[in-house]
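Counting from 1, the numbers follow the sequence of the chain as shown. Please read all numbers here as calculations on a predicted model, not as lab measurements.
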Amino acid sequence: MPKEYRTIQEVAGPLMMVQGVSGVAYDELGEIELKNGEVRRCKVLEIDGGNALVQLFESATGLNLESSKVRFLGRSMELGVSEDMLGRVFDGIGRPIDGGPEILPDERKDINGLAMNPAAREYPAEFIQTGVSAIDGLNTLVRGQKLPIFSASGLPHAQLAAQIARQAKVVGTEEPFAVVFAAMGITFDESNYFIQSFRETGAIDRAVLFINLANDPAVERISTPRMALTAAEYLAFEKGMHVLVLMTDITNYADALREISAARKEVPGRRGYPGYMYTDLASLYERAGRQKGKKGSITMIPILSMPEDDKTHPIPDLTGYITEGQIILSRELYRKGIEPPIDVLPSLSRLKDKGIGKGKTREDHADTMNQLFAAYSRGKDAKELAVILGDAALTEIEKQYARFAEAFEQEYVNQGYRTNRSIEETLETGWRLLHILPRTELKRIKDVYLDQYYNQD
């Protein structure tokens, strides 16, 4: 029976000081029992001799220092895992909130996980089809990759996340594919949107959802992505599934980290965020990947809304260092009505070359991808020139490039949130758009592919 302490000295926001403790360890889970018998959870943040600084998971309202007692459980926070989690919705600390029964766990796992040995990692090399042309065709997602979406306030990252979750699959295999979804600090409406979207399409049958709402405690927000990744590791490395982990919104997570750091009176770093935020984010992102000798894998798409649309803000900045590229949503394209408003030029998937080509997508994929990038970039320049000098100042070929850029946005990028394009459809759409330009301009595509796929009308 855990020893009980009635030595709570003070409570400040989400933090509580307990004196005279012994045998208590960092990150250990505890329970606070109130006078009325209500039990709230907490965990140890710091040990200084016989003093324990404890972080509350629920609010401190109604907590009486004299009549409340604390007991430490001798273990860190755990999640009970089982394949029965598929199709279920949990709160940020792993309790079912869909009206279904409690999960009967096969085992209990520490939510902090274990770092993956770099020597045991398998290099990501298999194409994942999201059904979104701007990703599949130009910034390809590879199994085991970490590819964040950089969004901004008011942009439709929720719709894009739900679309990817519904449509993603590993092409050419019938191996089991699961989605683990972690939502941090979102509104009830957003939460409802995701749950309904998953249910409508039947995607919920292969999904596990962890939902932390905006009015839930900030402390719970810290555990939500770790709960989700623990579930993902179990499904991937013990049950052999390909798991796609979607996490939204990393900005809310980082803000919760800052709030708790400020409550602990730690020395702030850039913009008030704790100096260890890089390490903390890395401890999440680096849990994705493939392991040698194991069939399963974890592919991760973290979503973050950049404060003030600023790519140099610490959250996107640090995320960019740790992950393998980024998909950037554009406010300009959003205003034009492009759905999804993916800005393909500053977007980047550092592993795209590993997941495309013969036997993975199609042999012409790399050449057409490079040509589409180049043509769109030149077309955008031509359109900007026309705005300043007028159409009359453009040469005939510049006008063709400007026409291409407009058609590219409207037909290739603007596919809507309900269209699921196969990689073949995406490649054919690209070839159809390249017909706007004369063959002599397609210098990045080998003649053998031009002969096969480019038919001059």
Side-chain angles (χ1 to χ4, degrees), residues 27 75-90 92-94 103-130 141-148 164-165 168-183 203-210 222-247 250 279-302 322-324 351 354-355 360:
D27 216 32
R75 58 182 170 83
S76 56
M77 200 160 188
E78 294 174 333
L79 175 69
V81 290
S82 143
E83 279 192 81
D84 295 339
M85 292 191 300
L86 289 166
R88 300 294 305 275
V89 184
F90 302 91
I93 48 178
I103 295 290
L104 294 173
D106 289 346
E107 56 183 300
R108 301 194 71 82
K109 288 187 167 289
D110 184 338
I111 66 163
N112 297 302
L114 290 171
M116 207 185 291
N117 185 337
R121 281 183 180 271
E122 193 83 67
Y123 202 84
E126 289 171 81
F127 170 66
I128 288 183
Q129 180 177 291
T130 65
L141 179 65
V142 181
R143 190 159 75 89
Q145 185 176 2
K146 308 175 285 288
L147 186 63
I164 293 169
K169 64 175 184 176
V170 180
V171 177
T173 174
E174 293 305 309
E175 290 175 37
F177 193 88
V179 174
V180 175
F181 184 81
I204 194 145
D205 293 340
R206 60 184 179 106
V208 187
L209 281 69
F210 291 86
I222 304 297
S223 66
T224 306
R226 291 177 169 81
M227 288 279 172
L229 286 162
T230 303
E233 284 167 346
Y234 171 76
L235 294 172
F237 304 130
E238 295 187 29
K239 295 299 173 184
M241 293 185 178
H242 302 314
V243 183
L244 176 66
V245 177
L246 281 153
M247 300 198 295
I250 294 294
T279 314
D280 194 278
L281 289 173
S283 74
L284 298 179
Y285 298 148
E286 292 297 346
R287 289 171 74 173
R290 298 172 63 198
Q291 284 186 14
K292 287 178 180 169
K294 299 205 174 172
K295 282 170 63 180
S297 62
I298 297 176
T299 307
M300 187 187 291
I301 301 183
I322 304 163
T323 55
E324 292 115 10
L351 298 179
K354 310 298 177 193
K360 292 178 180 175

Minimum heavy-atom distance Ala178-Leu235, with the two atoms named:
CB-CD1, 4.4 Å
Carefully, step by step, assess Val208 and Leu86 under the rule side chain to side chain contact (heavy atoms under 4.5 Å, CB included).
CA-CA 5 Å; Val208 187; Leu86 289 166; 3.9 Å; yes
What is the minimum heavy-atom distance between Met85 and Gly80, and which atoms define it?
SD-O, 4.0 Å
Side chain to side chain contact (heavy atoms under 4.5 Å, CB included) between Tyr123 and Leu351, intermediate numbers included
CA-CA 10 Å; Tyr123 202 84; Leu351 298 179; 3.5 Å; yes
Are the side chains of Val142 and Ile128 in contact, using a 4.5 Å heavy-atom criterion?
no
Report the distance from atom CG of Leu284 to atom CG of Leu229, rounding to the nearest 0.5 Å.
6.0 Å
Looking only at heavy atoms, which two atoms of Ala183 and Phe181 are closest? And how far apart?
CB-CE2, 3.7 Å
Can you find a heavy atom in the side chain of Arg287 that is under 4.5 Å from one in the side chain of Thr230?
yes
Non-hydrogen atoms of Ser223 and Ile111 that approach each other most closely:
CB-CD1, 4.0 Å
One thing to verify: whether Glu233 and Arg226 come together as a salt bridge, which I'm taking to mean a side-chain N less than 4.0 angstrom from a carboxylate O.
no
Using side chain to side chain donor-acceptor pair (under 3.5 Å) as the criterion, point out the one residue from His242, Glu126, Gln145 that pairs with Arg290.
Glu126
Establish, from distance only, whether the side-chain atoms of Ser297 and Arg143 form a donor-acceptor pair under 3.5 Å.
yes
Would you find more than 12 non-hydrogen atoms of other residues, nucleotides or ligands less than 6.0 Å from Lys360 atom NZ?
yes
Could you check if a side-chain atom of Leu147 sits within less than 4.5 angstrom of a side-chain atom of Thr323, using non-hydrogen atoms only?
no
Decide yes or no for Val243 and Val179: does some side-chain heavy atom of the first lie under 4.5 Å from some side-chain heavy atom of the second?
no
Going by heavy atoms in the side chains, are Tyr234 and Lys109 under 4.5 Å from each other?
yes
Using the salt bridge (charged side-chain N to carboxylate O under 4.0 Å, His left out) criterion, which residues pair with Lys354? Sequence neighbours excluded.
none
Ion pair check, Lys239 and Asp84, cut-off under 4.0 Å
no
Find out whether Glu107 and Val81 are in side-chain contact, i.e. whether some heavy atom of one side chain is under 4.5 Å from a heavy atom of the other.
yes
OG1 of Thr224 to CD1 of Ile93: how many Å apart, nearest 0.5 Å?
8.5 Å
Could you go through the side chain to side chain contact (heavy atoms under 4.5 Å, CB included) check for Thr299 and Leu141 one step at a time?
CA-CA 9 Å; Thr299 307; Leu141 179 65; 3.8 Å; yes
Looking at CD of Gln129 and CD1 of Ile164, how far apart are the two atoms once the value is rounded to the nearest 0.5 Å?
12.5 Å
Val180 vs Leu244, test: side chain to side chain contact (heavy atoms under 4.5 Å, CB included). Steps then yes/no.
CA-CA 6 Å; Val180 175; Leu244 176 66; over 6 Å; no
So, using side-chain hydrogen bond (donor to acceptor under 3.5 Å, both in side chains) as the criterion, who are the partners of Arg206 when residues are at least two apart?
none
Shortest non-hydrogen pair, Ile103 vs Ser82, comes out as CG2-CB, 3.9 Å
Asn117 backbone acceptor or donor facing Arg121 side chain under 3.5 Å:
no
Between Glu324 and Lys146, is the closest basic N to carboxylate O distance under 4.0 Å?
yes
Ignoring hydrogens and geometry beyond distance, is a side-chain donor-acceptor pair present between Asp110 and Ser76 at under 3.5 Å?
yes
Grab the two heavy atoms, one from Tyr285 and one from Ile250, that are nearest each other, plus how far apart they are.
OH-CG2, 3.5 Å
